[in-house]
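Following: one structure in structure tokens, then a few remarks.
Quick caveat: nothing in here was measured; it's all calculated off a predicted structure. Indexing begins at 1, ligand by ligand and atom by atom, following the structure's order.
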Amino acid sequence: MLTDISDVLADPVDGSPLNLDSDSSRLESSSGRYYDVAGPGYATLTVDEVHADRADDDGMVTARETFLSRGHYAPFVEAVTGAVQLALDDAGVADDERPVICEIGAGTGYYLSHTLDDVDGARGVGIDLSVPAAERLATCHPRVGAVVADARHRLPLRDSSVDVITVVFSPSNPAEFARVLRPGGQVVVLTAEAGHLTELREPLGILDVPEGKVEQLVESSSGWFEPVGEPELVEFTMRLDQESIATQTGMSPSARHIPSDLLAERAAQLPDHMSLTARATVTRLRVR
Ligand SMILES: C[S@@+](CC[C@H](N)C(=O)[O-])C[C@H]1O[C@@H](n2cnc3c(N)ncnc32)[C@H](O)[C@@H]1O
């Protein structure tokens, strides 16, 4: 709920603190701007109108919700939560200090809510550019507050207010991450690796994940961050039926690039069940 995190939120225009009014219907900045809280309990904190070109649409968010609820990515969620625990340990932050964990591009909140279940007392901020995602985020966990915002711009968060930032298959903004993290805070990033879902590339005509994504992440963050230890490769095999494969494809960037009827036609040619490789790397970054 936004009440849990209103001490963390800031006006996207000038960074001044935002406070929730007594009936939780709007946020007011100390410089006099107001932002309404939408029905399910999220706020849109953007300077301009939301340009949702990169945001997941309702169909993609529904596919994500269905696919993740089947537990196919359990090793990824365990790895992200484990890395958040390590980051909090490194910073010496105890669970009862109510640490703030912010996920950027949080989607349905699957990863964030799992982490909050594990870190008793922690509070979550779920940020996503997609309104359908924010609707799910607002109700994904009692200790999550949901915000529609564009991670490419100034984040609607106060300076030094967040203990850990997580980024799972989503965009990064290292300059802003460095601004909003508390001293000792870390970023935990899950990045798809070359070979992820490789068995589907040819039959569905979707692009492979390029090599070197982690190196690129470290390089592009190097003005603000340095890696903590070695990146951890998480690799496993999933046995999926045709319907789960269609759901996976429906939540992925392919859903945007290939017409849905063509994708469905290709998916219908796949065997009833397939073993697919899941491959991603968890990287932890701390401020230099
Ligand atoms: C691949 S999905 C990952 C969602 C979630 N992390 C998960 O793994 O279940 C990427 C998410 O980032 C969001 N997104 C894309 N561009 C964004 C931006 N500029 N700012 C904030 N969110 C963005 C999309 O709407 C989508 O929910």
- Query: Could Asp90 and Arg286 be called an ion pair, given the rule that one side-chain N must be under 4.0 Å from one carboxylate O?
  - Reply: no
- Query: How would you list all residue pairs meeting salt bridge (Lys or Arg N to Asp or Glu O under 4.0 Å) that involve residues 98-113, not counting sequence neighbours?
  - Reply: Asp4-Arg98
- Are Phe67 and Tyr73 close enough that their ring centers fall under 6.0 Å? yes
- Task: At a heavy-atom distance under 4.0 Å, which protein residues reach ligand 1? Sort them by chain and number, would you?
- Result: Arg54, Ala55, Asp56, Arg64, Leu68, Glu103, Gly105, Ala106, Gly107, Tyr111, Asp128, Leu129, Ser130, Ala149, Asp150, Ala151, Arg152, Val168, Phe169, Ser170, Pro171
- Pairs in or reaching into residues 237-251: which pass salt bridge (Lys or Arg N to Asp or Glu O under 4.0 Å), with residues at least two apart or in two chains? Arg70-Glu243
- For Val119 against Pro99, the heavy-atom pair lying closest together: CG1-CG, 4.3 Å
- Can you pull the salt bridge (Lys or Arg N to Asp or Glu O under 4.0 Å) pairs that have at least one residue in residues 106-127, sequence neighbours excluded? Asp7-Arg123
